[in-house]
Amino acid sequence: MATATELLYEEQMVFVRQIGACRGWEFEELEGCKFIVGMMARDGSYFWLFVDCEGYQTSPPAFNWYNTECKSKNQPSNTPIGGQYFHPSGRICAPWNRLAYKECDSQGPHGDWQLSNWMSNPKTGETKTLAAMLLRIYRELQSPEFKGRMG
């Protein structure tokens with residue numbers, strides 16, 4: 001029998017796939033509630049994310065910048081800079097990213113946020129679905145504030 005996380009994940013991935021198809025995103029779905037997505041930035045380069053949705057919605061997904069060739073996560077060469085959410089730590093700085101929380105990731109920029117109330121954090125706004133989260137990241141990669149790669 002499917003878990004609540006699995007049911008919600010499958011329901012939301014329908015919209016993620018539709019939105020991604022319209023924007024040219026590339027997907028690789030993995031075992032469990034995980035996937036890899038590639039998005040083109042405004043300079044024509046591609047950025048990849050390894051997204052772990054285990055435990056979603058109790059906790060937000062974990063968005064890791066990813067290298068599809070060597071399978072490494074959160075290396076500077078795979079991480080964008082500039083934009084409103086791209087933190088110098090290499091993490092996406094938003095309540096809807098589990099890695100933004102110091103309690104989940106030592107590089108997380110926020111020891112002042114509580115993971116247990118991520119959906120009610122005012123900075124979450126309406127970014128509560130997987131599609132909204134990915135669209136937010138995509139918008140940042142397309143914005144004039146996007147400055148390329150860290151490394």
Side-chain angles (χ1 to χ4, degrees), residues 5 8-30 32-110 113 115 117-151:
T5 293
L8 181 63
Y9 174 81
E10 282 306 317
E11 180 180 272
Q12 290 196 15
M13 285 303 290
V14 170
F15 300 108
V16 167
R17 288 182 205 101
Q18 289 172 346
I19 290 166
C22 293
R23 287 164 179 77
W25 299 350
E26 295 183 32
F27 286 98
E28 179 183 347
E29 297 199 38
L30 306 171
C33 297
K34 298 176 182 146
F35 64 95
I36 296 167
V37 60
M39 301 175 172
M40 186 183 293
R42 79 178 169 95
D43 66 358
S45 64
Y46 256 81
F47 286 87
W48 296 87
L49 288 157
F50 182 103
V51 185
D52 180 351
C53 299
E54 294 296 332
Y56 176 69
Q57 282 182 309
T58 302
S59 64
F63 290 90
N64 294 274
W65 296 110
Y66 190 66
N67 182 312
T68 57
E69 292 176 15
C70 64
K71 312 291 187 223
S72 64
K73 295 178 185 173
N74 301 318
Q75 299 300 311
S77 60
N78 307 324
T79 304
I81 56 174
Q84 187 176 348
Y85 292 97
F86 303 151
H87 193 270
S89 69
R91 304 302 181 259
I92 295 170
C93 184
W96 41 266
N97 177 23
R98 190 179 329 147
L99 301 181
Y101 296 83
K102 184 82 65 192
E103 68 185 276
C104 296
D105 183 337
S106 63
Q107 298 297 310
H110 286 280
W113 290 349
L115 189 64
N117 69 351
W118 76 273
M119 289 187 100
S120 61
N121 182 323
K123 294 182 185 291
T124 297
E126 294 303 314
T127 312
K128 297 176 183 175
T129 66
L130 296 175
M133 294 168 196
L134 290 166
L135 281 167
R136 184 73 242 172
I137 294 166
Y138 181 70
R139 183 180 180 283
E140 291 299 306
L141 290 171
Q142 298 298 313
S143 78
E145 290 81 27
F146 167 78
K147 304 294 182 208
R149 293 181 187 274
M150 267 190 186

Participant: What is the minimum heavy-atom distance between Phe15 and Ala131, and which atoms define it?
Facilitator: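 So the minimum-distance heavy-atom pair works out to CB-CB, 4.4 Å.
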Participant: For the residue pair Tyr56 and Trp118, does the interplanar ring angle fall in the parallel (under 30°), tilted (30 to 60°) or perpendicular (over 60°) class?
Facilitator: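 Rings of Tyr56 and Trp118: tilted, 30 to 60°.
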Participant: Run Trp48 and Glu26 through side chain to side chain contact (heavy atoms under 4.5 Å, CB included) and show every step you take.
Facilitator: CA-CA 9 Å; Trp48 296 87; Glu26 295 183 32; 3.4 Å; yes
Participant: Walk me through whether Ile36 and Val51 qualify under side chain to side chain contact (heavy atoms under 4.5 Å, CB included).
Facilitator: CA-CA 6 Å; Ile36 296 167; Val51 185; over 6 Å; no
Participant: Does some side-chain heavy atom of Phe47 sit less than 4.5 Å from a side-chain heavy atom of Arg149?
Facilitator: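 They are in side-chain contact.
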Participant: Are any side-chain N or O atoms of Gln142 and backbone N or O atoms of Met40, one a donor and one an acceptor, separated by less than 3.5 Å?
Facilitator: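 Checked: pair present.
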Participant: Write down the atom of Tyr101, the atom of Pro60, and the distance for their closest heavy-atom approach.
Facilitator: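 Result for this residue pair: CE1-CG, 4.2 Å.
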Participant: Using the rule side-chain contact (heavy atoms from CB on, under 4.5 Å), only one of Thr127, Ile92, Asn64 pairs with Asn97; which is it?
Facilitator: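 Exactly one pass, corresponding to Ile92.
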Participant: Mind listing the closest non-hydrogen atom pair of Tyr9 and Gly32 along with its distance?
Facilitator: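 Smallest interatomic distance, heavy atoms only, reads CE2-O, 4.2 Å.
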Participant: Return yes if some donor-acceptor pair links the side-chain N/O of Arg42 with the main-chain N/O of Phe146 below 3.5 Å, else return no.
Facilitator: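 Side chain of Arg42 to backbone of Phe146, a donor-acceptor pair under 3.5 Å: yes, one is there.
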Participant: Shortest non-hydrogen contact from Gly90 to Asn74?
Facilitator: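 The pair with the smallest heavy-atom distance is O-OD1, 4.5 Å.
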Participant: Does the side chain of Arg136 come within less than 4.5 Å of Tyr85's, by heavy atoms?
Facilitator: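 Result yes, sub-4.5 Å side-chain heavy-atom pair found.
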Participant: Give a yes or no on whether the backbone of Ser120 and the side-chain of Thr124 come within a donor-acceptor separation of less than 3.5 Å.
Facilitator: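 No; judged by distance alone, with no hydrogens or angles, the pair does not exist.
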Participant: Centre-to-centre under 6.0 Å for Trp65 and Phe86, is that the case here?
Facilitator: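 For Trp65 and Phe86, the ring centres are under 6.0 Å apart.
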Participant: Measure the shortest side-chain to side-chain distance between His110 and Cys93 over non-hydrogen atoms and say whether it is less than 4.5 angstrom.
Facilitator: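 Yes. Closest side-chain heavy atoms under 4.5 Å.
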Participant: How many angstroms lie between CH2 in Trp96 and NZ in Lys123, if you round to the nearest 0.5 Å?
Facilitator: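 Reported to 0.5 Å precision, the distance equals 13.5 Å.
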Participant: For Ala100 and Trp113, work out which heavy atoms get closest and say how close.
Facilitator: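 That closest heavy-atom pairing would be CB-CZ3, 4.0 Å.
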Participant: Are the side chains of Leu99 and Gln107 in contact, using a 4.5 Å heavy-atom criterion?
Facilitator: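 Gln107 vs Leu99: side chains apart.
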Participant: When you compare the side chain of Gln57 with that of Met119, does any pair of heavy atoms fall below 4.5 Å?
Facilitator: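 Yes, close enough: below the 4.5 Å cut-off.
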Participant: Do Gln18 and Val14 have side chains that approach each other closer than 4.5 Å (heavy atoms only, starting at C-beta)?
Facilitator: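 Heavy-atom side-chain distance check passes, below 4.5 Å.
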Participant: Contact between Lys71 and Tyr66 at the side-chain level, heavy atoms closer than 4.5 Å - yes or no?
Facilitator: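 With C-beta onward as the side chain, the pair touches.
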Participant: Hey, mind stepping through Trp25 and Phe27 against side chain to side chain contact (heavy atoms under 4.5 Å, CB included) and telling me if it holds?
Facilitator: CA-CA 7 Å; Trp25 299 350; Phe27 286 98; 3.9 Å; yes
Participant: So, taking the atom named CG in Asn78 and the one named OG in Ser72, what distance separates them when rounded to the nearest 0.5 Å?
Facilitator: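 Going from CG on Asn78 over to OG on Ser72, the span is 4.5 Å.
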Participant: Passes side chain to side chain contact (heavy atoms under 4.5 Å, CB included), Arg23 versus Leu135? Steps please.
Facilitator: CA-CA 10 Å; Arg23 287 164 179 77; Leu135 281 167; 3.5 Å; yes
Participant: Rounded to the nearest 0.5 Å, what separates atom CG in Leu130 from atom CZ in Phe35?
Facilitator: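 It comes to 5.5 Å.
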Participant: Nearest 0.5 Å, what's the CD-CD distance between Gln84 and Glu140?
Facilitator: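 Gln84 atom CD to Glu140 atom CD measures 5.5 Å (nearest 0.5 Å).
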Participant: Between Glu103 and Arg98, does any side-chain N to carboxylate O distance fall below 4.0 Å?
Facilitator: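 Salt bridge flag = no for Arg98 with Glu103.
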Participant: Could you tell me if the side chain of Leu115 sits less than 4.5 Å from the side chain of Cys104, heavy atoms only?
Facilitator: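 In contact.
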Participant: Just how far is it from atom CD1 of Ile19 to atom OG1 of Thr129, taken to the nearest 0.5 Å?
Facilitator: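 That separation rounds to 7.0 Å.
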Participant: First locate atom CG of Leu134, then atom CZ of Arg139, and finally report the distance between them rounded to the nearest 0.5 Å.
Facilitator: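 If I round to the nearest 0.5 Å, the distance is 15.0 Å.
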Participant: Testing the basics here: between Gln75 and Thr79, what is the closest heavy-atom pair and its distance to 0.1 Å?
Facilitator: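 That closest heavy-atom pairing would be O-OG1, 2.8 Å.
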